[in-house]
Amino acid sequence: MFNNPRRFGLILSLLAASVIAVPSYAADDDAIGKAIKGRQAGFQLYSFYAGQLFAMAKGEMDYNSELAATLASNLSSVANLNNGMMWLPKSDNVARAGDTRAKPEIWASDSDIGAKAAAMKDASAALASVAGEGLDALRSKIGDVGKSCKGCHDNFRAKDF
Ligand code: HEC
């Protein structure tokens, strides 16, 4: 079998091709993992900024005008990033059980996740426009932000990984 040098060369190149093919499959798989991590990082930022604003509104943290204005402005900025590339097909919690809580319904043709995201953008922009103007002003707009988080999570985020 290996006494024909041409044939041996062919077998070697087939072997090389299969060695190259394996990492390229792994890279595709990893691209989905990275995208999931990226969007979760975005939500961690939401939580970091909004969490302190919720705490100020509830009186659990001292209201600070400058900090409130910055947190709300940052929340609004992050909400306006176009992170569409992080929502790859097959990155839902069925295809990637254990890695993500994103439900497959997000990708359904009748999904209204875009409207949910828009509600969060609007609510955070409205909050950012008043958050530095006193605790009452903050309180008047923070409720819609909380509702916008919940409105999306209720439909599109699973309770557990
Ligand atoms: C348009 C829909 C949508 C909106 C609006 C939204 N979320 Fe989420 N959120 C999700 C989805 C889907 C996940 C699951 C992501 C995943 O696991 O891949 C998630 C995950 C999270 C996580 C967990 C991230 C992690 O590390 O696993 C936190 C925290 C979070 N959201 C906070 C918030 C807060 C706070 C708000 C409002 C200020 C908010 N989200 C608004 C859809 C949304």
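Hydrogens, waters and symmetry mates play no part in the numbers below; they use all other heavy atoms, side chains included. Every number for a ligand or one of its atoms is a count from 1 in the order of the listing. Count residues from 1 along the sequence.
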- Could you tell me whether D62 atom CG has more than 12 heavy atoms of other residues or ligands within 6.0 Å of it? no
- Salt-bridge contact K34-D30 (side-chain N to carboxylate O under 4.0 Å): yes
- E105 side, atom CD; D112 side, atom CG - distance, nearest 0.5 Å: 11.0 Å
- Task: Would you kindly specify which portion of S148 sits under 4.0 Å from ligand 1, judged on non-hydrogen atoms: side chain, backbone, both or neither?
- Result: backbone
- R39 to ligand 1: N or O pair under 3.5 Å? yes
- Message: Any heavy atom of Y49 closer to ligand 1 than 4.0 angstrom?
- Response: no
- Just which atoms of ligand 1 are under 4.0 Å from any heavy atom in A117? 1 (C)
- Task: Please report which non-hydrogen protein atom sits nearest to atom 26 (O) of ligand 1, along with the residue it belongs to and the distance in Å to one decimal place.
- Result: Q44 NE2, 2.7 Å
- Message: Between V130 and Y63, is there shared hydrophobic-cluster membership here, with clusters defined by ILVMFWY side-chain heavy atoms closer than 4.5 Å?
- Response: no
- Of the protein's non-hydrogen atoms, which lies at the shortest distance from atom 23 (C) of ligand 1, and what is that distance? R101 NH2, 3.4 Å
- Note on the structure: Within 4.0 Å of some non-hydrogen atom of I106, the atoms of ligand 1 are 12 (C)
- What atoms of ligand 1 come closer than 4.0 angstrom to any heavy atom of T100? 16 (C), 17 (O), 18 (O)
- Which residue pairs pass the salt bridge (charged side-chain N to carboxylate O under 4.0 Å, His left out) test with at least one member in residues 128-144, sequence neighbours excluded? D144-K147
- Query: Which protein N, O or S atoms lie under 2.8 Å from atom 8 (Fe) of ligand 1?
  - Reply: H153 NE2
- May I ask you to check whether D99 has an N/O atom sitting below 3.5 Å from an N/O atom of ligand 1? no
- At a non-hydrogen distance cut-off of under 4.0 Å, which region of M120 contacts ligand 1 (side chain, backbone, both, or neither)? side chain
- Message: To check you understand the geometry: which heavy-atom pair defines the closest contact between V94 and D92, and what is its length?
- Response: N-OD1, 2.8 Å
- Task: Measure the CZ-OG1 distance between R157 and T100 for me, rounded to the nearest 0.5 Å.
- Result: 10.5 Å
